[in-house]
Novice: 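Here it is, the structure, as structure tokens.
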Amino acid sequence: MITRIAGGRIIDGAEDEGDAKRDLWIEDDRIVAAPTDGRPADRTIDATEHLVMAGAIDIHSHIAGGKVNLGRLLSPADHRENPVERAGAALRSGSGLTTPSTFTTGFRYAAMGYTAVFEPAMVASNARATHLEMADVPIVDKGAYVMLGNDEYLLRRLAAAAEQGEINDYVAWMMQATAAHAVKVVNPGGISAFKFNARGLEIDEPVPHHGVTPRRIVAALARAVHEIGVPHPLHVHCNNLGMPGNVETTLATIAAAEGYPIHLTHVQFHSYGSEGKRGFSSAAHRIAEAVAQNPNVSIDVGQIMFGATMTESGDTQAQFRNRSLADPDTWISMDIECDGGCGLVPMRYRDSNFVNALQWTIGLELFLLVEDPWRVFLTTDHPNGGPFASYPHLVRLLTDRSHREDCLAQIHPAARKASTLAGMTREYTMREIAIMTRAGPARSLGLSERGHLAPGAVADVVAYRPDSDVAAMFRAPAHVFKSGVEVARDGAILAAPSGTTQLVRPAYDRQVERHVRRFFDDHMTIGFDHFPLAAGELADAGLAVAEQQCRPSAGRA
Amino acid sequence: MILDGVEIEDTFAEAFGMRATRLIVTADTPRWARIAGDTATGFATSVIACGAEAGIERDLSAEETPDGRPGIALLFFAVSRDALTKALRDRVGQCVLTCPGTACYSGLDEGERLPLGRSLRYFGDGYQAAKRLGDKRYWRIPVMDGEFVCEDTVGQVKAVGGGNFLILGKTHRGVLAAAERAVEQMRRLIGVIMPFPGGIARSGSKIGSRYKGLVASTNDAYCPTIKGIVKTALPPSVDAVLEIVIDGLNEAAVGAAMATGIRAACAGNDGEILRITAGNYGGKLGPFHFRLHELLA
Amino acid sequence: MSNGAQTQAQDAEGTGETIACPFCGLLCDDLPASGGKVETRDCPIAAAGFARGAAPRRSHMVGGRETDLAAAAAAAGAILAAARAPLFHGLTADLHGVRALLALAERVGGVVDHELSAGFLANVAVARASGWVTATFSEVANRADVILLVGADPVRDFPRFHERLVQNPTPLYRERPPFMAYLGAAGDAPSRDVVPLQATIGEGDLLPALGALAALLRERPVAREDSAIPIAALVDIAARLKAAHYGVIVWDVAALPQGHAELAVELIAAMLRHLNVATRCVGLPLGGSGNALGAVQATLWQTGWPLRVGFGEGAPLHDPWRYDGTRMLAAGEADALVWVAALGTAPPPASSVPVIAIVADDVALPTPAAVEIRVGIPGLDHAGEAIRGDTVVAMNLVAAIPSDRPSVAAAATAILEALRPVA
Amino acid sequence: MITLALRSRPPGRLSLAGVTPDRLAALDETAIAKLPVRLGNRQTALGDWFDIRIAGAGEDKLVISGAGGDRLDQVGGMMASGELTVEGDVGARAGLAMTGGRLTVSGSAGDAAATAMRDGEIRIGGDVGEALGGALPGERVGMRGGTVVVARNAQSGVGDRMRRGLVVVVGSAGAFCGARLAAGTIVVGGGIGDHPGIAMRRGSIVALGAAPRLAPSFADCGVHDLIAQHLLARRLALLGLGTLASRIGPLRRFMGDQAEAGRGEILVPR
């Protein structure tokens with residue numbers, strides 16, 4: 001089956017040359033070079049004047065796992081007000097906008113031109129359930145980052161001054177056991193500290209009982225992830241989320257990585273100064289400066305979008321602090337398996353609220369101040385900053401200065417005054433959008449066959465019909481192909497293939513299993529033999545596994 | 001124009017826009033409602049130094065009040081919403097909240113609402129409670145004899161302050177008797193108060209003073225004891241003048257009150273009263289002009 | 001170096017193969033198993049559960065006649081296709097089974113409920129509308145220094161509760177066994193050797209007693225004249241919880257007094273929210289037998305709603321009253337019943353509607369079902385996945401005594417396939 | 001006036017949310033008959049179940065009549081204005097999320113009447129089921145305003161999670177009356193079941209029948225004849241409940257639930 005997407009403007013962030021007007025050819029599930037043997041296309045898609053890009057990749061979106069399900073539970077209004085009927089015999093129904101059900105998540109992402117989504121906060125002990133849940137997220141490829149750095153085993157080994165090699169083996173074992181694609185650390189040490197009743201944790205403050213510091217945890221994990229060769233660097237949610245003045249913590253976290261690659265996630269929530277009479281200010285420029293100076297650092301923004309949403313986080317310490325912001329006033333906190341935690345707080349961001357308005361400007365400042373689109377990714381930390389359905393609007397804010405300024409005029413006047421956003425003239429080009437939503441995430445995640453349109457790539461292709469309203473254009477692309485199958489047209493789902501589960505399987509010395517086994521035997525309520533996902537479990541759940549290669553290394557990036 | 005032998009000068013009273021509200025204060029007995037009303041509307045003759053002008057509009061029977069107890073209707077006037085808000089908070093807080101058995105309600109349903117109970121509730125130190133019944137919201141503030149109930153907000157209207165007329169006569173005794181007749185009749189009306197002592201002012205004031213910092217001073221043109229040395233407005237036989245000042249919820253109420261007062265002052269005149277006039281500033285300052293001849297036509 | 005995750009058991013230091021027991025929400029995974037024999041470690045529920053494997057084999061039936069799965073599925077499909085309000089109830093299946101049943105229910109516009117939902121929906125109602133603080137089994141086993149049991153001794157429904165979650169010989173973060181307290185009816189009380197501090201109350205007094213405890217924790221006045229409420233013991237419990245480093249309040253929602261469960265949980269949740277302002281105290285809402293929490297989780301992720309979901313309106317709708325399966329049957333609102341009992345053994349409730357029984361061999365049907373599909377038990381006849389009573393850990397169930405009985409997922413999928421030709 | 005006469009008791013539950021006088025006023029008989037209504041998984045139309053008659057125009061008045069109304073759910077749901085009169089019984093969630101207008105039911109109502117009601121008035125001539133004035137599943141807040149008067153008895157959970165408004169049960173109320181009350185006023189003329197006000201935070205429960213046994217987390221604050229009681233009596237009298245109003249005299253005040261915020265009150269006979 002050969003498909004020709006004819007007449008579009010190809011915008012491939014991974015290619016050095018500028019945008020080209022040419023046909024794109026797909027054979028089965030791959031992009032191919034234009035046939036030279038004169039074979040005709042089996043079908044031709046008229047994409048005249050359309051913008052043709054690779055399928056978009058969301059590097060950080062909470063789409064599955066126990067806390068996502070708790071988020072759904074806590075959002076009855078979202079599900080009541082956003083019913084989604086079955087749109088075809090082969091499709092499934094669902095509900096929700098901020099905490100959509102799984103089928104709805106997959107369909108909505110695909111209809112927006114996204115073909116891969118990564119769940120960034122899988123609790124290790126919840127891995128099996130998370131993957132079973134992701135099996136019901138159709139169309140898109142998905143993967144999950146396992147959360148480490150608050151697991152008691154690792155903290156105890158770090159406290160016992162374990163060698164880096166042992167840490168590396170443990171991390172690799174854990175990634176295999178949980179079928180993870182990357183490693184995340186959330187509030188390093190802080191979730192464990194909260195279980196010992198510590199309400200905050202500074203980066204050089206010892207974790208209660210263990211004595212190790214967040215700085216040490218970040219250093220050990222960043223190095224481990226790099227040395228075992230996981231493509232995506234350690235994915236870091238810093239300490240002190242949401243606290244005024246936390247920019248210092250964020251900058252210290254960059255230093256803690258000691259030059260190893262790290263990815264700082266939802267940095268908007270970590271770019272706060274404490275200036276001004278309200279003691280809350282933007283420190284976006286300092287973060288942007290640090291990103292420019294540290295090539296080992298990438299970020300995603302975690303833009304907030306005004307409206308009601310649900311915040312879902314492994315960071316129980318921060319979420320417990322935020323409970324007073326709950327709207328409606330109901331929240332959940334959970335300590336999980338000597339391993340992690342989760343906290344749920346419904347939230348309503350208001351443009352009339354000074355803090356929320358300033359958060360909004362800080363996110364946009366970060367986008368506009370970080371110059372290298374390869375190292376800043378478009379996220380709202382769905383749903384924490386706002387639902388992924390708001391991405392089209394966010395793209396418009398980045399590409400359309402006059403719209404941005406119209407929105408800026410609506411927000412709390414003191415926040416508007418405090419922000420430097422008004423003076424920023426930058427408008428993202430479509431090529432930059434393609435990099436930050438496709439080529440960049442693909443490179444960061446080691447997805448060599450995705451995020452670009454070169455022959456050989458997986459045929460995840462999106463054709464956007466040009467529209468002066470960029471948001472409208474990105475909301476419902478004219479054509480979306482997933483692995484060569486047209487899955488969506490003008491916002492409507494046509495087909496629902498299941499997508500793959502992306503993972504990496506770093507190698508490790510099996511000696512580590514003996515230690516971990518003893519820990520499980522002595523302390524845990526699940527046995528060592530039953531903790532890892534067994535071979536075939538993902539297949540039984542209907543998931544097709546796609547493994548990305550590791551590149552182990554002993555040196556720094 | 002001559003009314004009962006009194007010359008009505010062809011002039012006008014010049015009045016100003018104010019903000020006003022009506023409160024209903026109830027208590028266990030009419031006596032305690034009256035005590036609360038007198039106290040809350042005391043020291044409220046002129047906005048110049050009292051912050052507000054206030055007075056008792058009328059007594060209310062138990063059937064007329066929200067809680068079925070005897071009460072009293074009070075009117076408050078101030079120069080702005082903020083001034084009125086502050087005056088209400090201070091006066092109700094000090095004079096009604098403190099008074100045994102009272103409760104306080106809005107007596108006006110129209111207009112933009114001003115906070116009252118919602119400001120006073122903090123006296124409850126966390127033990128206050130709101131209660132909404134129908135479309136009204138009340139605050140219940142625990143006090144030593146039970147609860148002080150006060151409506152959350154009160155209505156407020158654009159009103160008219162400074163309606164007036166002056167009674168010119170031969171003797172103090174005669175002029176005072178005429179003014180008393182006027183006030184007695186005017187007090188039967190709804191929507192107006194005469195904020196000066198007993199409803200009557202002797203200190204007709206003019207704008208400005210020869211002394212720095214004084215915004216108003218004695219109205220020398222109407223002071224009989226110095227009429228020989230000032231540019232007097234008094235005919236030679238006038239040796240006493242009193243003024244009645246009226247604040248009302250609207251222009252019609254003020255006009256009606258002036259007409260009622262002037263007629264009552266003139267009625268039964270035994271030659272003591274010579275003339276009725278009114279105070280104005282040449283029509284330059286106040287938007288409301290009450291022409292005496294038109295009111296009495 | 002190797003790809004270690006795929007290796008099973010048999011490590012040099014391993015203790016031999018163990019399997020998980022699917023028959024209560026604890027999902028204890030330390031039962032030694034070999035050659036089709038499972039050692040049930042003195043657990044009566046596990047013993048009874050694994051003994052079910054010996055039940056005589058029964059055939060699939062349609063209209064009282066033996067048939068094969070395909071024919072039974074076709075007959076079931078015909079009933080469901082004609083039904084206006086088909087009810088899927090019982091639902092004691094593993095996660096794959098629940099996922100497949102949800103797909104089928106959506107396809108035929110049905111209503112989905114679970115036989116234990118009355119209990120866990122009380123927990124769900126409080127969790128989502130009021131919020132709480134909870135923890136999972138391993139946190140409790142390693143941190144708890146004070147444990148308050150509310151309502152009934154958990155051993156009633158979770159026989160190895162004390163052994164697995166309390167009497168941890170090697171806890172990570174406590175120096176001595178946790179101090180145990182109990183608040184509930186005298187008849188449900190655990191032994192005083194196990195739980196020394198007991199505030200026992202009369203029938204129907206759980207709510208006022210919990211209210212008093214919550215007020216004491218807030219240092220608010222408490223009326224002491226009601227002799228039915230043991231205030232002195234509650235004062236002691238309150239002091240222990242406040243002084244605890246990591247207190248735990250445990251309740252088995254199914255064992256709470258009928259009709260009082262939701263408000264009892266509400267008061268417990270209020271205590272948890274309050275206690276965590278100054279110290280740590282977590283709730284442990286026990287439940288999840290019959291994979292009830294797996295059913296809730298899968299329904300939540302597939303539909304956005306917890307159980308008692310209806311697909312009749314197009315998009316899934318949740319209504320704990322309207323889609324209460326037992327109520328619907330009693331009120332004559334359902335016109336077909338799919339009764340699923342794989343992990344559970346309850347027969348379908350009596351009704352006059354055609355019944356499609358997807359049940360294990362030992363489930364006796366008091367009246368013949370229109371369609372009888374005999375399925376295996378996950379974790380016994382075949383592999384499967386189930387979610388533990390702490391809602392976080394999913395357990396891989398292996399086939400302890402493998403058989404070729406079809407799974408619930410296979411049965412549901414066969415029916416779905418039988419429906420396919422219909423658009 | 002529009003009349004919908006139910007022909008027979010439907011075989012399953014029918015939801016009449018949105019079938020309200022304000023929304024039907026602009027439609028003719030044919031259009032009303034075509035309004036969709038779901039029966040299980042089947043799409044049916046209003047005309048399949050009701051005989052529809054319009055008499056006179058321009059009035060926001062709707063009458064629903066006929067036996068078997070106990071299977072009609074959400075009657076008056078989403079009503080914003082006008083008058084809806086039911087001659088007979090209604091099913092669950094009568095007056096769901098009403099924002100205005102007046103719903104009068106001559107018979108009894110099922111469970112969860114006045115759920116999430118915001119404003120307007122509901123009068124039930126007979127009994128009501130459980131959770132009168134409560135919250136939608138999963139929602140923190142129940143009834144937020146308006147007035148409900150039940151002429152006879154209510155089952156358990158009256159005003160569960162209610163936030164504002166007035167609920168009057170002239171007869172008796174079942175267990176858990178005013179549980180989790182956030183604010184608002186509940187008046188019960190007759191007996192009141194076990195555990196009133198459990199986990200209430202603010203608001204008032206006025207139990208004019210026999211004094212119930214209260215949890216130890218309710219604190220006795222003495223007997224009072226408060227102005228608020230006079231205001232309530234006035235309000236009841238305005239609703240035509242003069243007899244009930246006349247029974248509000250000095251009452252004993254308990255504050256609770258001290259297990260929660262503890263700023264609510266239960267007023268009971270001395």
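Letters go in sequence order (proteins before strands), and every chain restarts at 1. Values below: every heavy atom of this structure, side chains too, minus hydrogens, waters and symmetry copies.
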Novice: Roughly how far apart are A:Tyr153 OH and C:Leu172 CG, rounded to 0.5 Å?
Specialist: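 Reported to 0.5 Å precision, the distance equals 12.5 Å.
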Novice: Please find the pair of heavy atoms, one from C:Ala315 and one from A:Ser93, that lie closest to each other, and give the distance.
Specialist: CA-CB, 4.3 Å
Novice: If we define contacts as heavy-atom pairs under 4.5 Å, which of A:Gly343, A:Ser125, A:Ala326 has the most with chain C?
Specialist: A:Ser125
Novice: What residues of residues 121-128 of chain C sit under 4.5 Å from chain A when only non-hydrogen atoms are counted?
Specialist: C:Val124, C:Ala127, C:Arg128
Novice: Which residue out of A:Lys67, A:Arg86, A:Arg92, A:Glu85 racks up the most heavy-atom pairs below 4.5 Å with chain C?
Specialist: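 Of the candidates given, the most pairs with chain C belong to A:Arg92.
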Novice: What are the two closest heavy atoms between A:Ser101 and C:Gly304, and how far apart are they?
Specialist: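 Heavy atoms of A:Ser101 and C:Gly304 come nearest at CB-N, 3.5 Å.
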Novice: Measuring only between side-chain heavy atoms, which start at C-beta, is C:Thr18 closer than 4.5 Å to A:Phe528?
Specialist: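 No - every pair of side-chain heavy atoms lies 4.5 Å or more apart.
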Novice: Does C:Leu307 have any side-chain contact (heavy atoms from CB on, under 4.5 Å) partners at least two apart in sequence or in another chain, and if so, which?
Specialist: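 Residues passing side-chain contact (heavy atoms from CB on, under 4.5 Å) with C:Leu307: C:Leu91, C:Val112, C:His114, C:Phe120, C:Ala295, C:Val296, C:Thr299.
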Novice: Most heavy-atom pairs under 4.5 angstrom with chain A, which of C:Pro169, C:Gly131, C:Ala269?
Specialist: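 The candidate making the most pairs under 4.5 Å is C:Gly131.
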Novice: With a 4.5 angstrom heavy-atom cut-off, which part of A:Asn82 approaches chain C: side chain, backbone, both or neither?
Specialist: neither
Novice: Which atom pair, heavy atoms only, marks the closest approach of C:Met395 to A:Ile526?
Specialist: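 Distance-wise, the nearest heavy atoms are SD-CD1, 3.8 Å.
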Novice: Taking C:Ala103, C:Ala20, C:Ala409 one by one, which has the highest count of heavy-atom pairs under 4.5 Å against chain A?
Specialist: C:Ala103
Novice: Non-hydrogen atoms of chain C under 4.5 Å away: do they reach the side chain of A:Ala127, the backbone, both or neither?
Specialist: neither
Novice: Drop me the distance from A:Thr330's OG1 to C:Trp132's CH2, to the nearest 0.5 angstrom.
Specialist: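 The OG1 atom of A:Thr330 sits 10.5 Å away from the CH2 atom of C:Trp132.
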Novice: Between C:Leu102 and chain A, with a heavy-atom cut-off of 4.5 Å, which part of the residue counts as in contact: side chain, backbone, both or neither?
Specialist: both
Novice: Enter the distance from C:Arg99:CZ to A:Asp136:CG here, rounded to the nearest 0.5 Å.
Specialist: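 So the gap between those two atoms works out to 4.0 Å.
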Novice: Any carboxylate oxygen within less than 4.0 angstrom of a Lys/Arg side-chain nitrogen, looking at A:Glu152 and C:Arg143?
Specialist: yes
Novice: Let me know if A:Leu91 has heavy atoms under 4.5 Å from chain C in its side chain, its backbone, both or neither.
Specialist: backbone
Novice: For chain A, which candidate among C:Asn276, C:Asn168, C:Val282, C:Asp30 shows the most heavy-atom pairs at distances under 4.5 Å?
Specialist: C:Asn276
Novice: Any side-chain heavy atom of A:Met334 sitting closer than 4.5 Å to one from C:Thr136?
Specialist: yes
Novice: Would you indicate whether the side-chain heavy atoms of A:Leu132 and C:Trp301 approach each other to under 4.5 Å?
Specialist: yes
Novice: With no hydrogens and no angle check, just 3.5 Å: does a side-chain donor-acceptor pair link A:Asp335 and C:Tyr246?
Specialist: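 The criterion, which ignores hydrogens and geometry beyond distance, is satisfied for C:Tyr246 and A:Asp335.
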Novice: Under a 4.5 Å heavy-atom cutoff, which of A:Arg80, A:Gln511, A:Lys195 has the most pairs with chain C?
Specialist: A:Lys195
Novice: Taking the six-membered ring of A:Phe194 as reference, does the cationic atom of C:Arg280 (NZ for Lys, CZ for Arg) lie under 6.0 Å from its centre and within 45° of its axis?
Specialist: yes
Novice: Going by the rule side-chain hydrogen bond (donor to acceptor under 3.5 Å, both in side chains), which residues pair with C:Glu266 if we only count those two or more places apart in sequence or in a different chain?
Specialist: C:Ser130, D:Arg161, D:Arg180
Novice: Considering only heavy atoms and a distance below 4.5 Å, find which of C:Pro171, C:Ala129, C:Ala141 pairs most often with chain A.
Specialist: C:Ala129
Novice: Measure C:Val277 against the heavy atoms of chain A and call it side chain, backbone, both or neither at under 4.5 Å.
Specialist: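 When you check distances to chain A, atoms from both the backbone and side chain of C:Val277 fall under 4.5 Å.
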Novice: Under a 4.5 Å cut-off applied to non-hydrogen side-chain atoms, are A:Asp540 and C:Glu385 in contact?
Specialist: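 The answer is no, as the side chains (C-beta and beyond) never meet within the 4.5 Å cut-off.
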Novice: Quick one: does A:His523's side chain have a donor or acceptor within less than 3.5 Å of a partner on C:Asn142's backbone?
Specialist: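 No: the side chain of A:His523 does not pair with the backbone of C:Asn142.
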Novice: Other residues, nucleotides and ligands only: do more than 12 of their heavy atoms fall within 6.0 Å of NE2 on C:His245?
Specialist: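 Open.
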Novice: Looking at residues at least two apart in the chain, or sitting in another chain, which of them share a salt bridge (charged side-chain N to carboxylate O under 4.0 Å, His left out) with C:Asp145?
Specialist: none
Novice: Between CZ of C:Phe137 and CE of A:Met524, what distance do you get to the nearest 0.5 Å?
Specialist: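 Output value for this atom pair is 13.5 Å.
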Novice: To the closest 0.5 Å, what do you measure between CZ (C:Arg388) and CZ (A:Arg128)?
Specialist: 11.0 Å
Novice: Flag the one option from A:Gly71, A:Ala179, A:Ala129 with the top tally of heavy-atom pairs under 4.5 Å to chain C.
Specialist: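 Ranked by contacts with chain C, first place is A:Ala129.
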Novice: Heavy atoms, side chains only, cut-off 4.5 Å: are C:Trp305 and A:Pro76 in contact?
Specialist: yes
Novice: Do you know which two heavy atoms are closest between C:Thr279 and A:Arg199, and how far apart they sit?
Specialist: O-NH2, 3.2 Å
Novice: Any chance you could measure A:Thr525, atom OG1, to C:Asp390, atom CG, to the nearest 0.5 Å?
Specialist: 6.5 Å
Novice: Is it the backbone or the side chain of A:Asp78 that comes under 4.5 Å from a heavy atom of chain C, or both, or neither?
Specialist: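 A:Asp78 has no heavy atom closer than 4.5 Å to chain C.
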Novice: Could you pull out the closest heavy-atom pair between A:Glu337 and C:Val393, with the gap in Å?
Specialist: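 Reported closest heavy-atom pair: CG-CG2, 3.8 Å.
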Novice: Mind checking whether A:Leu73 and C:Pro306 have side chains closer than 4.5 Å, heavy atoms only?
Specialist: yes
Novice: Counting N and O atoms only, with roles assigned by atom type, does the side chain of C:Asp29 sit under 3.5 Å from a partner on the main chain of A:Gly527, one being a donor and the other an acceptor?
Specialist: yes
Novice: Using a cut-off of under 4.5 Å for heavy-atom pairs, which of A:Ala64, A:Cys338, A:Ala172 has the most such pairs with chain C?
Specialist: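 Option with the top pair count is A:Cys338.
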Novice: Which is it for C:His318 and A:His79 under the side chain to side chain contact (heavy atoms under 4.5 Å, CB included) test, yes or no, and what are the steps along the way?
Specialist: CA-CA 9 Å; C:His318 162 68; A:His79 294 272; over 6 Å; no
Novice: Which heavy atom in C:Leu300 sits nearest to a heavy atom in A:Arg72, and how many Å separate them?
Specialist: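 The answer is O-CD, 3.3 Å.
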